[in-house]
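Single-structure report; data block below.
Being a predicted model, the structure only gives us computed values, none of them experimental. Side chains are part of it too, since the values below use all heavy atoms of this structure and drop only hydrogens, waters and symmetry mates. Throughout, residue positions are numbered sequentially from 1 according to the sequence presented.
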Amino acid sequence: WHGADLRALPEETFREKSFDVVVDKGTMDALFCAGPSSVQRFTAELRRVLRPGGMVLLMSGVATGEEILEIFRNWTTVLDGSPYI
């Protein structure tokens with residue numbers, strides 16, 4: 001178990017390209033309420049720790065679909081077809 005700020009993960013614990021998948025249920029929502037810089041720092045950390053071809057499984061209820069797609073505009077995205085992200 002590790003406790004860390006998702007916007008600035010400790011590099012000695014969370015190495016670059018060390019995760020195949022990151023699952024987020026609610027974290028992006030909390031960071032979205034904290035403001036754009038928190039979201040940008042979190043997504044930068046996601047990119048840092050994910051291996052090439054890695055995936056983020058994201059379920060959000062605060063940000064709109066358009067807002068989430070804008071945040072991940074330079075990522076390959078797959079949508080499930082529902083009106084929710």
Side-chain angles (χ1 to χ4, degrees):
W1 180 263
H2 297 283
D5 184 340
L6 294 171
R7 300 165 300 173
L9 294 169
E11 292 186 21
E12 64 278 358
T13 305
F14 299 93
R15 295 184 194 98
E16 287 188 24
K17 299 175 180 28
S18 59
F19 287 87
D20 293 314
V21 177
V22 173
V23 178
D24 172 10
K25 174 58 181 108
T27 303
M28 181 65 82
D29 293 341
L31 293 173
F32 212 86
C33 293
S37 67
S38 290
V39 173
Q40 291 167 352
R41 290 171 55 200
F42 174 54
T43 55
E45 285 296 277
L46 285 175
R47 186 167 299 279
R48 183 181 71 75
V49 300
L50 280 170
R51 291 187 175 118
M55 300 170 88
V56 176
L57 304 176
L58 176 76
M59 291 132 296
S60 177
V62 172
T64 66
E66 292 80 18
E67 290 168 322
I68 295 294
L69 290 173
E70 177 61 24
I71 292 163
F72 291 98
R73 71 181 170 276
N74 295 323
W75 298 53
T76 301
T77 56
V78 178
L79 304 176
D80 69 356
S82 76
Y84 307 102
I85 293 216

How many angstroms lie between [atom1] in [X] and [atom2] in [Y], if you round to the nearest 0.5 Å?
X     : Y     : atom1 : atom2 : value
Leu58 : Phe72 : CG    : CZ    : 5.5 Å
Thr43 : Ile68 : OG1   : CD1   : 10.0 Å
Glu16 : Glu45 : CD    : CD    : 9.0 Å
Ile71 : Gln40 : CD1   : CD    : 8.5 Å

Counterpart residues, side-chain hydrogen bond (donor to acceptor under 3.5 Å, both in side chains), relative to Glu70 (two or more places apart):
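In terms of side-chain hydrogen bond (donor to acceptor under 3.5 Å, both in side chains), with neighbours along the sequence ignored, Glu70 is linked to Arg73.
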Nearest atoms (heavy-atom pairs only) where [X] meets [Y]:
X     : Y     : answer
Arg15 : Arg48 : C-NH1, 3.9 Å
Asp24 : Gly26 : OD1-N, 3.2 Å
Leu46 : Val56 : CD1-CG2, 4.1 Å

Side-chain contact test, heavy atoms from C-beta onward, threshold under 4.5 Å: evaluate it for Met28 versus Val39 and give yes or no.
yes
Side-chain contact test, heavy atoms from C-beta onward, threshold under 4.5 Å: evaluate it for Val23 versus Met59 and give yes or no.
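Of all side-chain heavy-atom pairs linking Met59 with Val23, at least one is under 4.5 Å.
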Is the Phe14 ring parallel, tilted or perpendicular to the His2 ring (thresholds 30°, 60°)?
perpendicular
Could you tell me whether the side chain of Asp29 and the main chain of Leu31 form a donor-acceptor pair under 3.5 Å?
no
Any donor-acceptor pair under 3.5 Å linking the side chain of Arg51 with the backbone of Phe19?
no
So which of Thr13, Asp5, Leu6 actually passes side-chain contact (heavy atoms from CB on, under 4.5 Å) with Leu9?
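Of Thr13, Asp5, Leu6, side-chain contact (heavy atoms from CB on, under 4.5 Å) with Leu9 is met by Leu6 alone.
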